[in-house]
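To keep things clear, I will list the structure first and then write my remarks on it.
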Amino acid sequence: LDMSFYEMDKEEFSVSVSKATMCIGQPSSTMLESLRMGVSYIVYEPSEDGLHLMNGRLLYPPYDGSDKYLRIATSEEDLDRMICERYVPDVRLLDEYMIPFDGARIKKVIDDWKSKIKK
């Protein structure tokens, strides 16, 4: 990395993101967490065919272009355009992928597991 351009950030994720107005990164749950904190995230995944990650694995939802609330930059041109447009993913995406914690669901799983062990 060109350290005259980049600065190593050793803060906790939430602290780092709270200082940002936009993040650019690979397909990751980091995108969902950034949006949840009110910070735009542009997913940049160079792909020759739009189907595979750089490592050859298949892209997966929502990063495969199948979600109406998220655009993906698959080239430098896409990335430049999305930055210039100040693209922000539609936060309705969070409703599809971020489910509020429900302790009752966890308790039910544990209770079901305990009842199977006792048999």
Which residues share a side chain to side chain donor-acceptor pair (under 3.5 Å) with Asp90, sequence neighbours left out
Arg92

Taking atom CD of Glu12 as the centre, report whether more than 12 heavy atoms of other residues, nucleotides or ligands fall under 6.0 Å from it.
no

Indicate yes or no for a side-chain donor-acceptor contact from Ser28 to the backbone of Met31 under 3.5 Å, with no hydrogens or angles considered.
no

Quick one: closest heavy-atom pair of Pro27 and Leu53, and the distance?
CG-CD2, 4.0 Å

Where is the tightest heavy-atom contact between Ser14 and Met37, given as atom of each residue plus distance?
O-CE, 3.3 Å

Considering only NZ, NE, NH1 and NH2 on the basic side and carboxylate oxygens on the acidic side, decide whether Glu76 and Arg81 come within less than 4.0 Å.
no

Quick check: do Leu35 and Pro89 have side-chain heavy atoms less than 4.5 Å from each other?
yes

How far does NZ of Lys19 sit from CG of Asp9, to the nearest 0.5 angstrom?
6.0 Å

Rounded to the nearest 0.5 Å, how far apart are CZ of Arg86 and OG1 of Thr21?
8.0 Å

To the nearest 0.5 Å, tell me how far Asp80 CG sits from Tyr44 OH.
10.5 Å

In this structure, would Phe13 and Met98 fall into the same cluster of hydrophobic residues linked by side-chain contacts under 4.5 Å?
no

For the side chain of Asp49 and the backbone of His52, is there at least one donor-acceptor N/O pair under 3.5 Å apart?
yes

Gln26 and Val43: CA distance, side-chain angles, deciding distance, side-chain contact (heavy atoms from CB on, under 4.5 Å) verdict:
CA-CA 5 Å; Gln26 75 282 1; Val43 177; over 6 Å; no

I need the minimum non-hydrogen distance between Arg57 and Asn55, along with the two atoms involved.
N-OD1, 2.9 Å

Could you list all the side chain to side chain donor-acceptor pair (under 3.5 Å) pairs where at least one residue sits in residues 31-42, not counting sequence neighbours?
Glu33-Arg36

Show the nearest heavy-atom pair for residues Leu93 and Pro62, with the distance to one decimal.
CD1-CB, 4.0 Å

Glu45 side, atom CD; Ser75 side, atom OG - distance, nearest 0.5 Å
12.0 Å

Closest approach of Val39 and Met22, non-hydrogen atoms and distance?
CG1-N, 3.8 Å

May I ask you to decide if Leu32's main-chain N or O and Tyr97's side chain share a donor-acceptor pair within less than 3.5 Å?
no

Give the C-alpha distance, both sets of side-chain angles, the deciding distance and a yes or no for salt bridge (Lys or Arg N to Asp or Glu O under 4.0 Å) between Lys68 and Glu96.
CA-CA 11 Å; Lys68 63 184 174 186; Glu96 297 176 357; 5.8 Å; no

As an exercise, state the distance from CG of Asp95 to OH of Tyr69, rounded to the nearest 0.5 Å.
8.0 Å

Go through Asp78 and Ile72 one step at a time and tell me if the side-chain contact (heavy atoms from CB on, under 4.5 Å) criterion holds.
CA-CA 8 Å; Asp78 287 345; Ile72 308 297; over 6 Å; no

Do the side chains of Ile42 and Leu59 join up, straight or via other hydrophobic residues, at under 4.5 Å, putting them in one cluster?
yes

To the nearest 0.5 Å, atom NZ of Lys107 lies from atom NZ of Lys114 at 7.0 Å

